[in-house]
Amino acid sequence: MKLVAGNSNKALAQAIASYLDTELTRCSVRRFADQEIFVEIQENVRGEDVFVVQPTSYPANDHLMELLILIDALRRSSAKRITAVVPYFGYARQDRRSSGRTPISAKLVANLITNAGADRILTIDLHAGQIQGFFDIPADNLFAAPVFNRDIIERYQSDNVMVVSPDTGGVVRARALAKRIGAPLSIVDKRRDKAGESEVMNIIGDVGGKDCILIDDIIDSGGTLCNAADALMKENAKSVTAYITHGVLSGGAVARITSSSLKELVITDSIEPNEAVKNATNIRVISVSNLIGEAISRTANELSVSSLFD
Ligand code: R5P
């Protein structure tokens, strides 16, 4: 088995390699003067089961192109099987036509990865589970929930926890975590009764005195999360902590989180945290490297991956 890393999250790839007690395959991913990407695999991969670790996070287009070129290089080097390990799958939020004359970019990206030569894809907390169906190759969608679950149990008294979905779209995900930790579920319901009126946040469920755990797949601008945290504190929650798999954290998101009413934001290293994230006082990063490493090991040994979540 070979583990290859692009440039988007070398630290995670290295941590996965350590879990698997192996070394990253020597390869060079660099730029020509005109910014075209050039890849060179510097070890023999003929007949190998190869896993390419490359989340397609910011800058999404560059990281996606690196992934495609890496897969192409491996295919032309006669790798036996290529698995694209894409912990954060960029473009996932464009999974349907939101209005007329718009693309379904998540499907386009799935086609690109498949046509480049990937035989399988491995990812975590896809924005929508049905994106797996965009791939005509096997797609394994892991869940960060067990990692979050352990962290929550270590830090909170279970009888005072309330799991909260920050919007109605995230209820299935939040319900799954609530079930795992045996906690009740509450929902933030955003409504705009008339066009032009500002959005009103209604909380479904009694959060008074509770340690609220907001759960979501992506934090981007931080708007959804900070508004939900404010609404919960207004309803007399004792504290609000958020567990969110993918820390996209664009623009002023880190500053917004730092000055928010959130006690803590916990994200995973599916996207490499930048310096601002590392220095933020109320953001903590927990690793999914062991989870991915175990899924890779099971895939390589033809063992069940889904049983990781039983
Ligand atoms: C939306 O459906 C996602 O699950 C997240 O809630 C959303 O992407 C978060 O975006 P932002 O942080 O910009 O509000």
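Because only heavy atoms are used, hydrogens play no part in the values below, and waters and symmetry mates are left out as well, while side chains stay in. Each ligand, and each atom within it, is numbered from 1 in the order the structure gives.
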By side-chain contact (heavy atoms from CB on, under 4.5 Å), K238 pairs with (sequence neighbours left out) N160, D211
Query raised in the report: Aromatic rings F148 and Y243: how do their planes relate, parallel, tilted or perpendicular, breaks at 30° and 60°?
Result: perpendicular
query = Do other residues, nucleotides or ligands put more than 12 heavy atoms under 6.0 Å from the CG atom of N301?
reply = yes
Within the heavy-atom cut-off of under 4.0 Å, ligand 1 is lined by R93, H127, D167, D216, D217, I218, I219, D220, S221, G222, G223, T224
task: Give the C-alpha distance, both sets of side-chain angles, the deciding distance and a yes or no for side chain to side chain contact (heavy atoms under 4.5 Å, CB included) between L142 and T123.
output: CA-CA 6 Å; L142 310 181; T123 182; over 6 Å; no
Does the distance from a Lys or Arg side-chain N to an Asp or Glu carboxylate O, for R150 and E154, drop under 4.0 Å? no
Answer yes or no: does atom CD of Q157 have more than 12 heavy-atom neighbours from other residues, nucleotides or ligands under 6.0 Å? no
